[in-house]
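Everything on this sheet refers to the single structure shown next.
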2 protein chains.
Amino acid sequence: MSKGNKITIHDISKALNIDSSTVSRALNNSPRVSVKTREKIQKKATELGYQRNSLASNLRTNRTNTIGVIIPRIARHFFATVIAGIEETAYEEGYNVVICQSLESLDREIKIMNSLASNRVDGILISTSMETSKFDHIKSYIDNNNPVVFIDRPSEAFPECSNISIDNFKASYDATKLLIEKGRKHIAHFSGPQNIGLYQERKKGYMSALQEHNISINKNYIFESILSEEDGISCAKKLLKYPEIDGLYSANDTAAISAIQYLKTKGIQIPKQIAVIGFNNDPISEVIEPSLTTIHQPGFEMGKLATEMLVHQIKNKSDKGIHHSKILVPELIIRKSSENE
Amino acid sequence: MSKGNKITIHDISKALNIDSSTVSRALNNSPRVSVKTREKIQKKATELGYQRNSLASNLRTNRTNTIGVIIPRIARHFFATVIAGIEETAYEEGYNVVICQSLESLDREIKIMNSLASNRVDGILISTSMETSKFDHIKSYIDNNNPVVFIDRPSEAFPECSNISIDNFKASYDATKLLIEKGRKHIAHFSGPQNIGLYQERKKGYMSALQEHNISINKNYIFESILSEEDGISCAKKLLKYPEIDGLYSANDTAAISAIQYLKTKGIQIPKQIAVIGFNNDPISEVIEPSLTTIHQPGFEMGKLATEMLVHQIKNKSDKGIHHSKILVPELIIRKSSENE
DNA sequence: TTCAAAAATACAATCGATTGTATTTTTGTT
DNA sequence: AACAAAAATACAATCGATTGTATTTTTGAA
């Protein structure tokens with residue numbers, strides 16, 4: 001017993017002198033087993049401390065009732081909310097969830113995909129890493145007729161795949177427009193890696209807003225980085241070379257926040273001298289002084305929608321060709337860092 | 001091929017007219033297969049797009065090379081750092097990690113344990129939920145000779161089990177002592193649920209510091225809650241009924257931070273009127289004004305150590321009786337919220 | 001009481017990989 | 001050339017549960 005020898009249906013079968021197939025059916029509440037027998041079996045099962053071996057079951061049925069999730073980093077607020085949405089829907093639909101973080105490394109992403117694939121998860125939700133410019137690992141998984149839904153970072157490489165994302169262009173356009181409307185004339189942009197479509201869009205939205213308001217684009221005002229905390233500081237340093245800059249739109253909150261803190265130490269008044277807008281609505285954005293105007297992405301809803309799509313694909317593998325995608329509209333949250341008074 | 005019929009070793013076996021046992025050994029680099037044959041097999045395997053079925057493999061070998069992790073909430077900074085430590089060590093040791101969050105719900109915790117157990121993870125790292133006062137689910141898992149290591153929230157119910165935690169008493173004692181040394185005479189405490197040992201310890205440390213400095217304990221100054229953001233505000237409200245209070249030690253940062261924000265709106269000067277110390281070193285604690293003095297728990301190290309212990313247990317199931325535990329010393333990080341000038 | 005239909009249960013193959021044992025092939029020594 | 005030892009490969013059982021088919025038992029109508 002406590003020797004670690006797990007109880008199997010065969011042990012129950014022997015103990016009651018009932019065939020293991022009947023035991024299996026009883027434990028699965030099959031109507032093919034009489035109520036009397038079923039109860040006898042279930043009683044014996046708990047008595048012996050039986051616990052189903054999912055490995056065996058999954059091997060036989062060729063399903064795991066498990067969804068794999070690959071995201072860059074679970075600690076990031078946005079992804080944490082996405083996960084919450086995923087788990088809620090998955091739970092409702094009777095699926096388990098395996099969460100894996102690529103830490104923005106392609107190498108890890110590939111290893112994770114292989115592991116999930118070899119463990120035969122029923123489908124994968126993925127937000128690709130910043131490094132991901134090759135897609136062989138995803139392609140071979142999809143080619144093998146496995147369901148995949150992209151989250152937040154849709155991949156141009158798989159136009160036929162479902163993906164759920166937000167309108168980055170519009171959000172950026174609106175944020176930049178707000179700064180312009182507040183009278184800011186020289187607006188800088190902290191931009192992310194341009195191999196990621198989402199950061200391209202954010203830059204485009206910024207540029208488009210300037211153009212449409214007849215403000216010429218100054219390339220010197222665009223600072224590209226991976227938007228880490230350190231990048232926020234170093235970009236802020238560079239930004240100070242242009243004293244005319246009176247506005248900043250950062251493609252994420254992390255960089256915006258560390259920039260604000262750095263600028264404050266340099267005696268710059270926020271928002272009086274430089275108005276700032278971030279992206280993501282991280283919890284810190286509410287607490288920092290001044291509180292940060294930012295863009296809220298509906299992560300929870302995205303997670304829910306993506307999971308619904310994936311589950312649909314899992315259940316209807318046939319119509320996999322159909323392209324179901326959704327682009328949600330993020331919300332501009334106006335706080336003090338962008339206001340004149 | 002793209003019909004979703006996965007390639008198995010038997011397909012390779014047939015294609016090359018080599019027995020499947022040899023194929024299996026070749027793919028596992030067994031020395032029992034000649035180099036020539038092995039290369040032929042591996043070439044064919046990649047050619048056919050073979051991918052091992054871990055379900056079958058794990059069923060046969062009775063090992064999954066996977067560690068299950070159950071924690072209350074992955075989004076919490078402390079747990080995020082613990083996970084980072086777990087993943088790093090697990091990765092080095094060749095284990096996969098499955099991360100699950102109980103969301104502080106016993107019901108979910110039980111479901112997760114069953115799922116991990118039935119998927120035959122090799123061992124479990126757990127930080128129990130706030131609701132967990134019954135331990136049957138953990139007991140039966142342990143009784144079945146499965147390795148478990150407790151993290152952060154050691155369980156008195158399993159003195160024979162390994163656990164890795166911090167010295168909550170000392171950390172609290174030191175924090176309270178600091179406030180006393182700064183001349184604070186009326187120190188309040190935001191305390192957590194007392195069914196959790198860790199919060200008991202934090203309260204004891206607080207009380208002990210007061211006693212040893214000849215400050216009488218005023219029960220009215222102790223506010224118990226689950227230390228959520230809302231609790232921070234409501235406890236701060238109650239605290240204002242005692243205008244003599246000039247210091248606050250909160251058992252977590254979340255409540256401390258929302259309290260500070262509330263108190264600021266009421267015109268209370270922090271730290272001048274009330275000095276504040278939190279617990280956890282959440283990222284926000286650095287950004288809030290005034291920056292929050294707090295206690296840093298070595299989450300990363302805890303995750304690493306716990307994983308090392310668990311892996312050791314997995315590899316040496318025999319000496320499971322041996323009790324390996326470690327209590328780490330957290331670090332008091334002094335920022336502005338506790339300083340007089 | 002008889003017997004066909006329905007219900008309950010048993011039989012046996014299967015999922016895909018692993019592994020102890022048996023057999024065949026190769027090697028090298030005399 | 002003969003043959004034992006070593007190397008390489010094949011055979012076959014196994015992990016634990018599921019499931020289509022076959023068999024037995026029960027039910028109830030005539």
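To find a chain, count down the sequence lines: A is the first, B the second, and so on, and within it residues start at 1.
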Open item on the list: Counting only heavy atoms not in K139(B) (residues, nucleotides, ligands), do more than 12 fall under 6.0 Å from its NZ?
Closed with: no

Task: Pair T132(B)-E109(B), side-chain donor/acceptor within less than 3.5 Å - done: yes

- [ ] State whether S34(B) places a side-chain N or O below 4.0 Å from either non-bridging phosphate oxygen (OP1 or OP2) of dT9(D).
- [x] yes

Task: Side-chain ion pair, R108(A) and E131(A), N-O less than 4.0 Å - done: no

Open item on the list: Is it the case that the base of dT21(C) and the side chain of R32(B) share a donor-acceptor contact (distance under 3.5 Å, atom types as modelled)?
Closed with: yes

- [ ] Establish, for the pair R73(A) and F78(A), whether the NZ or CZ atom is under 6.0 angstrom from the six-membered ring centre and no further than 45 degrees off its axis.
- [x] no

TODO: Would you please confirm or rule out a distance under 4.0 Å between OP1 or OP2 of dT9(C) and any side-chain N or O of T37(A)?
DONE: yes

- [ ] Rounded off to whole Å, could you give me the CD1-to-P distance for the I7(A) and dA17(D) pair?
- [x] 10 Å

Task: Interatomic distance, K6(B) NZ vs dC15(C) C1' [rounded to whole Å] - done: 13 Å

Open item on the list: Rounded to whole Å, how long is the line connecting atom NE2 of H10(B) with atom C1' of dA13(C)?
Closed with: 14 Å

Open item on the list: Checking S118(A) against S54(B): is there a side-chain donor and acceptor pair closer than 3.5 Å?
Closed with: yes

Task: salt_bridge(E301(B), K326(B)) N-O dist < 4.0 Å - done: no

Task: 5' precedence on DNA chain C between R120(A) and V33(A) (nearest-nucleotide basis) - done: V33(A)

Open item on the list: Using a 4.0 Å heavy-atom cut-off, does N28(B) contact any base of the nucleic acid, only the sugar-phosphate backbone, or nothing at all?
Closed with: sugar-phosphate

Open item on the list: Let's test this: given Watson-Crick or G-U wobble pairing with both distances under 3.5 Å, identify the partner of dA22(D).
Closed with: dT9(C)

- [ ] Round to the nearest Å and state the distance from N62(B) atom CG to dA17(D) atom P.
- [x] 12 Å

Open item on the list: In whole Å, I'd like the distance from the CG atom of N58(A) to the C1' atom of dT14(C).
Closed with: 15 Å

- [ ] Write down the partner of dC3(C) under the Watson-Crick or G-U wobble criteria, each distance required to be under 3.5 Å.
- [x] dG28(D)

Task: Residue mapping more 5' on DNA chain D - nearest nucleotide basis, R38(B) or Q51(A) - done: R38(B)

Task: Distance in angstrom units between I9(B) CD1 and dT14(D) P, rounded - done: 18 Å

Task: Close approaches to DNA chain C from residues 14-25 of chain A, in residue order (heavy atom, under 4.0 Å) - done: N17(A), I18(A), D19(A), S21(A), T22(A), R25(A)

- [ ] Any chance you could lay out the salt bridge (charged side-chain N to carboxylate O under 4.0 Å, His left out) test for R76(B) and E104(B), step after step, and finish with the verdict?
- [x] CA-CA 12 Å; R76(B) 246 174 249 159; E104(B) 302 285 9; 3.0 Å; yes

